[in-house]
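We name chains A, B, ... by the order of the sequence lines, and we start the count at 1 in each one.
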Amino acid sequence: MAEFSVDPFVDLYARRTSGMSASEVRALFAVASRPDVVSLAGGMPYVQALSAEHVMEVVESVLTERADTALQYTGGQGAPSLRAKLAMLMAEEGTVADPEDMVVTTGAQQGLDLVGKVLIDPGDEIVIEAPAYVGALSAFSAYEPRYVQVELDDDGMIVEQLEEALVRGARPKFVYTVPNFHNPAGVTMSLARREQLVALCREAHVPIVEDNPYGLLRFEGDPLPTLRSMDPQNVIYLGTVSKVFSPGVRVGWAVAEPGVLQRLILAKEAADLCGSNFNMLVTERYFAGDLWRRTLERLVDVYRSRRDAMLAALQERFPADARWTSPAGGFYVWVTLPEYFDTQAMLAAAVERRVAYVPGTGFYPDGRGKDRMRLAFCYPPEESIVEGVRRLGLLLADEEDLYRSLSGGRT
Amino acid sequence: MTARVAVLAGGRSPEREVSLRSGHRVMTALQTRGYEAFVLDPAEDALVETLSAAMLPACYIALHGKEGEDGTVQRLLEVLRIPYTGTAPFACQITFDKVLAKEALHAAGVSTPAWATVEAAALRDLGGGPILHHVAERVGLPAVVKPSRAGSAMGISFVERETDLPGAVMSALSFSDAVVVERKIEGVEVAASMVGGVHEPLPLVEIAPKSGVFDYAARYTAGATEYFAPARLVPEVASACQHEAAAAFTTLGLRDVSRADIMVDAEGRPWVIDVNVSPGMTDTSLLPMAAQSAGIGFTDLCERILQLALARG
């Protein structure tokens, strides 16, 4: 008799890998990425809107003028000249940031990982929104926190719930939030809630981690102040150029007060020494001059039309008892279906009908969200969005029929 | 001898990824034996055009799920007169459909757990929803709810209480238009595989998932399941398993290669719970483990399966 060891190192893996396993949903996404499937699943920025000519010029100039630097290591914090450009992006939303308080990261995703590395010990409580950005959950979970979940409504995080949790004795290391055009919920935290959250956290001595990838993708209304601008001492801010330029260059940043910043830089250097200098120089050059503003305006126009197409299609095609958010920016609409729906189970049937979405369960650490789905309007053109929503609507109607039959006509 | 061989893998089924993993491993194995093997993905490539232009002596079918296992691709290859590995179309069609396979096995006296079938059409068009109460009574709980036409344990759930049955049926119907509600057998799961014919059984592989459930994650996450080959069964029980597996393969008319999944209950009785015409060939798959424990390496295994098809050319 032999014991077959598929993986001879299985007994050696760290506890933090226990959640890392093959999944049915991931397997279904492999089929959903086929061109005949309308994918409302992935949050891919519409990079086709970039001016190819402008990008080419930028890349060429980096290679002709600064090849020696571009192909070399750089400091862990990132070049001051790039940080100045990133501070300029923050100023677009009215936030004053000192480039000295900034570390350039490999996308905001690395920022999330570094925050986890620097602040979370196994068993520590951290506060997340419910639902929460799935990539943040993956990043934080490796550091084995206990999650305290605070619900969202149309005005963002319900701060009263956080207050109650603190009163009940929660002692979180930090509060994580995506205040603008939330992923996956699409909602934006109101000014009143921002003020409430900032005041509460300052008083409770709990830092806020503000993740703001979509802030500049506002379709209407005036920008709200970032949490960082309201309380620089108590807010760690994460930004990225992924949504305003390109996710391919992997350039993000974190802004924090000196103590935190120093640890973030050291943690960053331990992870990868420094970011890609070539990509950082391309990014710096991209944001020189004013061309990027025109591209951003074009992007916002495209996303706004797609959002409108999706909301109109949902109104026309989705069941009367479904609810969804109406984002004023960003990439996502969050749909809540009647509770008998199981969007994870339904995904196979959706892919069979050539449409895909992200089931709600991935956005909660505790398996909730079966009756929710995230729909992304950022990538497919309007006619595809309309067709995708139509296919989904038909599927939901069929599922409803099944449910009616199974429940003996009771719904 | 350098024969050109298409390894069909990928496709549009939910098992696309698994199939691509199987297919690339088979391709590499055949290449090391000098075959000019290449992966042909029906979802990416023009299947019929490529096959009809290539004048291939044989195809290796590493597709999983619908189209690859239900006789569809086999019928295409029959028309093109290209020999292929594995079972002929009609037997594929029966075997891939758990409803038909269960009925065939039961009629032939093969040991398979009590079950009932629920079809989407019956629920939607005949108002058959109230049937679930009778299903639960007839099958008994706990039960396993499975889509009739799917693989890799996708869409499967375990039901302890009758109130959970409607949700489980709806989930399984996402993968297929009918579901099998089957009495859950508690015990040890083993896989019985054959290559060449029923007179050539491979050693049984015992499956011990660490989570207790052999679901998608337990199947395809390296290390999530422990395997023992041969299975840790007393000889009489092991031979009873092989006997039932052979009876299942014969009843369903399978050829070249196949795998039966069997539950052995506390009394040592084997129950056939599933039969596969295109067993997985990934690094965590059962057939290659069975072969290895019989002293047949992966490369030999692939070549042997291919030669069975070449011999039909």
Engaged part of [X] at the chain A interface, taking heavy atoms whose separation is under 4.5 Å:
X	result
B:S13	backbone
B:L173	side chain
B:L123	both

| query | Does a side-chain heavy-atom distance below 4.5 Å link B:K146 with B:F175? | reply | no
So that I can tick it off, tell me whether [Y] and [X] are bridged by a salt bridge, with the cut-off set at under 4.0 angstrom between side-chain N and carboxylate O.
X	Y	value
B:R12	B:E67	no
A:D398	A:R353	yes
A:E387	A:R391	yes

| request: With a 4.5 Å cut-off on heavy-atom pairs, point out which of A:A349, A:A350, A:P35 contacts chain B the most. | output: A:A349
| task | Look at A:D342, A:L402, A:V351, A:D401 and state which one has the largest set of heavy-atom pairs under 4.5 Å with chain B. | result | A:L402
| task | For chain A, find which of B:P14, B:G155, B:A150 contributes the most heavy-atom pairs closer than 4.5 angstrom. | result | B:P14
| Which one of B:S157, B:A43, B:P130, B:G10 has the most heavy-atom pairs closer than 4.5 Å to chain A? | B:A43
| query | With distance as the sole criterion, is a donor-acceptor pair present between the side chains of A:Y143 and A:D113 under 3.5 Å? | reply | yes
Quick check on [X] against chain B: is it the side chain, the backbone, both or neither that has a heavy atom closer than 4.5 Å?
X	answer
A:L347	backbone
A:Q344	neither
A:D36	side chain

| How far apart are the C-alpha atoms of A:Q48 and A:Y379, what are their side-chain angles, what is the distance that settles it, and do they pass the side chain to side chain donor-acceptor pair (under 3.5 Å) test? | CA-CA 10 Å; A:Q48 288 86 335; A:Y379 197 74; 2.9 Å; yes
| message | A:Y147 vs A:S141, test: side chain to side chain donor-acceptor pair (under 3.5 Å). Steps then yes/no. | response | CA-CA 9 Å; A:Y147 290 112; A:S141 289; 2.7 Å; yes
